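All remarks here apply to the structure that follows.
Numbers here are sequence positions counted from 1. Remember, it's a predicted structure, so these values are computed and weren't measured experimentally.
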Amino acid sequence: MSDARLARVRRLLAEEPAQEADGEAHAGVLSRQCRALSRAVAARGVAVSVVDAERLGVPLATSGPQVAELEEMQFTLGEGPSLDAHDSRRPALEPDLAGHGRARWPAYSDVMLERGVGAVFAFPMQVGAARLAVQAIYTGDGVPLSAQSLLDALDFAALGVETLLAGPLDGEPGSGVVSVLGNYSEVYQAQGMVMAQLGVSLGDAMARMRAHAYGRNIPLSELAGDIVAQRTTLDADPVDGAPDA
């Protein structure tokens, strides 16, 4: 990052007021960075999420609560730009969810368009081979990012990597990026229960859970909680009309 670009990022961050909910922990710093980037590129919102090998993820920091709901839809559906950026270790840029985006992520694109999102741009946050998180930008207009907005996105992703590497996410000793995925422990537990109940593989169990969550229009994490608490039992047949996982 050049000195001029670094100065611009620092200025944009300094202009973004801290919020009481941010706290002093690194996750709070990331939230402020998300808001600053969202304002800089005139986006609907920005999210930073941690993704694991099972393509499950947790929104770690967002520019606002509505963006967290948008981001979690990817992990419920099992498709979307943050997942692709994580898998490929390259940016996944889709300026046209109504057109080309539907060919890439049909279910995800329809859900985003229903929520007024026309484009999504995801950037992996990584150090060498280590994948730390993914930064996603949501915009209402189905148009590409400008050259300056693209530079801002890359620079804030680099700044986010520095924040993630700087120390514990919640201010407690022993915490870190990987521990955030503990928030999805119920999903893994529910996956094992569905596998045993239906006599299917772990992969099929996750596919059925995602289909059921999509059919009920609820987050995957909420469905998992219902399964673990035995409030919900999945049928042997997949939910009609759900997307393929």
Side-chain angles (χ1 to χ4, degrees), residues 1-51 57-75 80-82 85-86 91-93 115-117 119-127 130-140 145-146 148-184:
M1 190 188 313
S2 68
D3 290 344
R5 287 168 59 182
L6 178 60
R8 174 178 169 80
V9 169
R10 287 177 172 171
R11 176 178 59 79
L12 290 171
L13 190 57
E15 292 173 352
E16 184 62 38
Q19 296 183 2
E20 184 177 352
D22 291 343
E24 298 297 330
H26 290 80
V29 176
L30 282 173
S31 295
R32 186 179 177 191
Q33 292 172 7
C34 286
R35 295 196 303 272
L37 175 58
S38 182
R39 178 171 51 83
V41 302
R44 286 280 303 275
V46 174
V48 171
S49 294
V50 179
V51 183
V58 177
L60 173 59
T62 69
S63 57
Q66 292 183 337
V67 186
E69 296 176 6
L70 294 175
E71 184 74 354
E72 190 164 0
M73 285 304 305
Q74 298 188 69
F75 311 128
S82 291
H86 172 267
L93 311 178
R115 288 160 172 76
V117 175
V120 186
F121 310 93
F123 302 82
M125 300 166 66
Q126 56 197 15
V127 179
R131 292 176 285 193
L132 302 180
V134 179
Q135 170 188 275
I137 300 174
Y138 294 82
T139 69
L145 291 175
S146 68
Q148 182 61 62
S149 293
L150 182 59
L151 288 177
D152 287 340
L154 292 169
D155 292 344
F156 270 93
L159 181 64
V161 168
E162 294 180 6
T163 301
L164 289 168
L165 295 176
L169 295 174
D170 58 8
E172 294 295 330
S175 67
V177 174
V178 176
S179 69
V180 176
L181 287 168
N183 293 341
Y184 257 65

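- Put simply, the side chain of Q74 reaches to within 4.5 Å of the side chain of P81, judged on heavy atoms.
- Atoms NE2 and CE, from H86 and M125 in turn, are 12.5 Å apart once rounded to the nearest 0.5 Å.
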Using the side-chain contact (heavy atoms from CB on, under 4.5 Å) rule, take T62 and V46 through it: C-alpha gap first, then chi angles, then the decisive distance, then the call.
-> CA-CA 6 Å; T62 69; V46 174; over 6 Å; no
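- A heavy-atom distance below 4.5 Å is not found between the side chains of S63 and S31.
- Between V48 and V134 there is no side-chain heavy-atom pair separated by less than 4.5 Å.
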So T139 and V120, side-chain contact (heavy atoms from CB on, under 4.5 Å) or not? Walk me through it.
-> CA-CA 6 Å; T139 69; V120 186; over 6 Å; no
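- Residues R8 and D152 are paired through a salt bridge, judged by an N-O separation under 4.0 Å between the basic side chain and the carboxylate.
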Can you check side-chain contact (heavy atoms from CB on, under 4.5 Å) on R115 and Y138, steps first, answer last?
-> CA-CA 11 Å; R115 288 160 172 76; Y138 294 82; over 6 Å; no
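- Side chains of L6 and D155 form no contact here, defined as non-hydrogen atoms less than 4.5 Å apart.
- Within the 4.5 Å cutoff, the side chain of F121 has no heavy atoms near those of the L150 side chain.
- One finds the CD1 atom of I137 at 9.5 Å from the CZ atom of F156 (value rounded to the nearest 0.5 Å).
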Going through the checks in order, is the salt bridge (Lys or Arg N to Asp or Glu O under 4.0 Å) test met by R35 and E16?
-> CA-CA 7 Å; R35 295 196 303 272; E16 184 62 38; 3.4 Å; yes
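- A donor-acceptor distance shorter than 3.5 angstrom exists from the side chain of R32 to the backbone of L13, with no hydrogens or angles considered.
- Contact check for Q126 versus V161: no side-chain heavy atoms found under the 4.5 Å cut-off.
- If you take OG on S82 and CG on L70, they are separated by 11.0 Å, rounding to the nearest 0.5 Å.
- A 4.5 Å side-chain heavy-atom check between L154 and F123 finds at least one atom pair inside the cut-off.
- Under the 3.5 Å distance criterion, the side-chain polar atoms of R44 are left unmatched by any main-chain donor or acceptor of G140.
- A donor-acceptor contact shorter than 3.5 Å is absent between the side chain of Q135 and the backbone of A47.
- Checked by atom type, the side-chain pair T163/Q33 shows a donor-acceptor distance below 3.5 Å.
- Interatomic distance, L37 CG to S149 OG, rounded to the nearest 0.5 Å: 8.5 Å.
- Summarising the local packing, CZ of R39 is surrounded by more than 12 heavy atoms from other residues, nucleotides or ligands at distances under 6.0 Å.
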For side-chain contact (heavy atoms from CB on, under 4.5 Å), just list the numbers for V51 and R131, CA-CA rounded to whole Å, side-chain angles, deciding distance to a tenth of an Å, and then say yes or no.
-> CA-CA 9 Å; V51 183; R131 292 176 285 193; over 6 Å; no
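- The two atoms that bring V67 and G45 nearest to each other are CG2-CA, 3.6 Å, heavy atoms only.
- Within a 6.0 Å radius of CD in Q148, other residues, nucleotides and ligands contribute more than 12 heavy atoms.
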